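What's counted below: heavy atoms across the whole structure, side chains too, no hydrogens, waters or symmetry copies. Because the structure is predicted, anything quoted here is derived from the model rather than measured.
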Amino acid sequence: MDTGKIAFARVGPWLFSDMAKNPNYGITPIFTIKQSVITGGVNSLAVYKGSKNQQAAWQFLKWATQTNPEISFAKFSDIPAEKNAFSQLSSYLQPPKFAPTMETAFQSFQPSLMTTKDQLATTLGDIITDMMAGKLTPAQAAAKMEQQGNSILASA
């Protein structure tokens, strides 16, 4: 990016500290044609079916998706998924001038799920979307995912 030959690049917080070293970058909200949609799938958390420590892994997932762990992760990696952690973005994102762009893009974020079970992907995707829209708390979403996910997996 520092070559001076790149007109436009979609980047995220993983590059912000490097970009801050060179003041020749502009910032703009993500452009749209009808409606902007950003689908993520890079930083995923999962419990594998064959895991020997499924209960411990599930407890870790519940801990890792709380406000403070999400903020800690976001400081060095990516945008937090947890709503309260995201709302505090401008207090910890470095450099701070990138926070308004990320906050503007928030409405276009689209959660994604990778699985070989179509019904599971649809169900959990709907629950995640409801949580992101504020219709469910993270605790309610986790409980609903566990209950409905286990039901789908038991019938598969």
Side-chain angles (χ1 to χ4, degrees), residues 1-2 9-21 29-30 32 35-156:
M1 296 218 6
D2 288 329
R10 182 176 167 256
V11 299
W14 57 91
L15 282 178
F16 285 173
S17 60
D18 290 338
M19 291 171 60
K21 295 173 190 171
I30 295 173
T32 64
Q35 178 181 356
S36 56
V37 174
I38 301 168
T39 302
V42 177
N43 296 314
S44 302
L45 300 172
V47 178
Y48 292 97
K49 181 179 180 179
S51 172
K52 294 178 184 175
N53 300 299
Q54 290 184 8
Q55 286 303 320
W58 179 239
Q59 292 304 314
F60 172 78
L61 288 177
K62 290 194 281 188
W63 170 83
T65 55
Q66 294 177 59
T67 303
N68 288 333
E70 284 271 340
I71 288 173
S72 295
F73 180 70
K75 285 180 180 178
F76 70 87
S77 183
D78 210 342
I79 300 295
E82 200 269 335
K83 192 174 184 176
N84 289 328
F86 186 86
S87 71
Q88 299 173 44
L89 192 65
S90 62
S91 71
Y92 59 82
L93 186 66
Q94 294 298 320
K97 71 178 183 177
F98 290 108
T101 298
M102 300 314 298
E103 290 164 349
T104 301
F106 175 74
Q107 296 303 318
S108 62
F109 290 170
Q110 173 88 18
S112 65
L113 174 70
M114 295 183 293
T115 178
T116 58
K117 312 265 188 258
D118 290 339
Q119 182 59 42
L120 182 63
T122 300
T123 300
L124 296 186
D126 290 346
I127 294 168
I128 291 169
T129 299
D130 285 348
M131 181 183 72
M132 294 297 291
K135 295 178 183 176
L136 296 170
T137 67
Q140 290 169 327
K144 201 169 183 178
M145 282 187 233
E146 184 174 22
Q147 184 242 346
Q148 292 184 18
N150 285 338
S151 175
I152 292 166
L153 291 173
S155 65

Worksheet item: Considering residues at least two apart in sequence or located in another chain, which fulfil the side-chain hydrogen bond (donor to acceptor under 3.5 Å, both in side chains) criterion with Q88?
Response: none

Worksheet item: Counting N and O atoms only, with roles assigned by atom type, does the side chain of S72 sit under 3.5 Å from a partner on the main chain of N68, one being a donor and the other an acceptor?
Response: yes

Response to the item:
T67 meets the side-chain hydrogen bond (donor to acceptor under 3.5 Å, both in side chains) criterion, sequence neighbours left out, with E82

Worksheet entry | Contacts of type side-chain contact (heavy atoms from CB on, under 4.5 Å), residue T123, not counting sequence neighbours | Q119, I127, Q148, I152

Worksheet item: Which distance, rounded to the nearest 0.5 Å, do you find between the CG of L89 and the CG of N84?
Response: 13.0 Å

Discussion item. List the residues meeting side-chain hydrogen bond (donor to acceptor under 3.5 Å, both in side chains) with T137, not counting sequence neighbours, and say none if there are none.
Written reply: Q140

Worksheet item: Should the heavy atoms of other residues, nucleotides or ligands under 6.0 Å from NZ of K62 be counted, would the total exceed 12?
Response: yes

Fill in: Partners meeting side-chain contact (heavy atoms from CB on, under 4.5 Å) with D126 (sequence neighbours left out)
T122

Fill in: Approximate separation, where rounding is to 0.5 Å, of S151 OG and L120 CG
10.5 Å

Worksheet item: Which heavy-atom pair separates A85 from E70 by the least distance, and what is that distance?
Response: CB-CB, 3.7 Å

Discussion item. Could you report the tightest heavy-atom contact between T65 and L61, atom names first, then the distance?
Written reply: OG1-O, 2.9 Å

Discussion item. Could you report the tightest heavy-atom contact between S51 and Q54, atom names first, then the distance?
Written reply: O-CG, 3.4 Å

Fill in: Non-hydrogen atoms of A141 and M131 that approach each other most closely
CB-SD, 3.7 Å

Fill in: Partners meeting ring pair (Phe, Tyr, Trp, His ring centres under 6.0 Å) with Y92 (sequence neighbours left out)
none

Discussion item. List the residues meeting side-chain contact (heavy atoms from CB on, under 4.5 Å) with A143, not counting sequence neighbours, and say none if there are none.
Written reply: none

Item to complete: Could you pull out the closest heavy-atom pair between A74 and P80, with the gap in Å?
Response: CB-CD, 3.7 Å

